[in-house]
Amino acid sequence: KAGVTQTPRYLIKTRGQQVTLSCSPISGHRSVSWYQQTPGQGLQFLFEYFSETQRNKGNFPGRFSGRQFSNSRSEMNVSTLELGDSALYLCASSEGQDASPLHFGNGTRLTVT
Amino acid sequence: AQSVTQLGSHVSVSEGALVLLRCNYSSSVPPYLFWYVQYPNQGLQLLLKYTTGATLVKGINGFEAEFKKSETSFHLTKPSAHMSDAAEYFCAVTKAAGNKLTFGGGTRVLVKP
């Protein structure tokens, strides 16, 4: 099976702009989670979608949003970008049951200037 | 709230020596525990997980971890380090349904020849 695919791999945006990141999960996986990774804060949970419904949400401002489509593909959007949003954004998919292992993509590196 | 503490942000070991990475967690209910590895410019890969049952868990690449409830620990070991083990290692915990993982700060392993 193909792994988790995230596009684009790298992004450079200007403060105040918005950005959309895309994630294609492993075939058959119904859960998609998003994490932000920064040197200062480490890995932080953004949100999880299961069968098109947000099942869990982390402690991020409303500028961060996401959605999941009927084919399980997911997008996350960040509006009004701030310098502090520069990070590696990781998407992970799983079958969705308790403690089912997460399969991570290679991430999207977002740089905000 | 759950939390994970990884003792030591950097560990240096000689090739062939024991690798020991420490992880302590706090959780109000029995947790699910994971170890992930991240190689440069890549996402995270699952090494092993503990859910219930046997407290000594064997994972990929010769790694294993032991769940000790009395010590709230889940330390990761490998008897003999290999150069390819140089990477960053993350301990993570979850207790709820879904996939909201709380990660430790990570331990970067350097393997010396």
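First the proteins, then the strands, lettered A, B, ... as listed; each starts at 1.
- Shortest non-hydrogen contact noted between B/Asn24 and B/His75 is OD1-CE1, 3.7 Å.
- Nearest heavy atom pair, residue B/Ser3 against residue B/Val93, reads O-CG1, 4.4 Å.
- In summary, A/Asp85 and A/Arg63 engage in a salt bridge, as defined by a charged side-chain N under 4.0 Å from a carboxylate O.
- When heavy atoms are compared at a cutoff of 4.5 Å, A/Gln41 does not approach chain B at all.
- When the heavy atoms of residues 102-113 of chain B are compared with those of chain A, the residues falling under 4.5 Å are B/Phe103, listed by number.
- For residues 33-40 of chain B, heavy-atom neighbours of chain A at less than 4.5 Å comprise B/Phe34, B/Tyr36, B/Gln38, sorted by residue number.
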| Candidate pair A/Val19 and A/Lys13, rule side-chain contact (heavy atoms from CB on, under 4.5 Å), full reasoning | CA-CA 8 Å; A/Val19 67; A/Lys13 290 288 187 179; 4.0 Å; yes

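- The shortest distance between side-chain heavy atoms of A/Gln44 and A/Phe60 falls below 4.5 Å.
- Grouping the Ile, Leu, Val, Met, Phe, Trp and Tyr side chains by contacts below 4.5 angstrom, directly or via other members, places B/Leu47 with B/Tyr25.
- Counting non-hydrogen atoms of neighbouring residues, nucleotides and ligands closer than 6.0 angstrom, the CD1 atom of A/Ile12 reaches no more than 12 such neighbours.
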Return all side-chain donor-acceptor pairs below 3.5 angstrom for residues 27-34 of chain A, not counting sequence neighbours, or 'none' if the list is empty.
from: A/His29; atom 1: ND1; to: A/Ser93; atom 2: OG; distance (Å): 2.8
from: A/His29; atom 1: ND1; to: A/Ser94; atom 2: N; distance (Å): 3.4
from: A/Arg30; atom 1: NE; to: A/Ser51; atom 2: OG; distance (Å): 3.2
from: A/Arg30; atom 1: NH2; to: A/Ser51; atom 2: OG; distance (Å): 3.0
from: A/Ser31; atom 1: OG; to: A/Glu48; atom 2: OE2; distance (Å): 2.7
from: A/Ser31; atom 1: OG; to: B/Asn99; atom 2: ND2; distance (Å): 3.1
from: A/Trp34; atom 1: NE1; to: A/Ser74; atom 2: OG; distance (Å): 3.0

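- Taking A/Phe47, A/Phe50, A/Tyr35 one by one and counting their heavy-atom pairs under 4.5 Å with chain B, the maximum is reached by A/Tyr35.
- Proximity to chain B (any heavy atom under 4.5 Å) is shown, for A/Leu46, by neither the backbone nor the side chain.
- Residues from residues 103-113 of chain A that place a non-hydrogen atom less than 4.5 Å from a non-hydrogen atom of chain B comprise A/Phe104, A/Gly105, A/Asn106, given in numerical order.
- Atom CG of B/Asn41 has 12 or fewer neighbouring heavy atoms from other residues, nucleotides or ligands inside a 6.0 Å radius.
- Atom NZ of B/Lys58 has 12 or fewer heavy atoms from other residues, nucleotides or ligands within 6.0 Å.
- Contact annotation for A/Leu90: only side-chain heavy atoms (C-beta onward) come within less than 4.5 Å of a heavy atom of chain B.
- A 6.0 Å sphere centred on CG of A/Leu11 holds more than 12 heavy atoms belonging to other residues, nucleotides or ligands.
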Test side chain to side chain donor-acceptor pair (under 3.5 Å) applied to A/Asn77 and A/Thr20, step by step: CA-CA 4 Å; A/Asn77 185 77; A/Thr20 299; 3.0 Å; yes

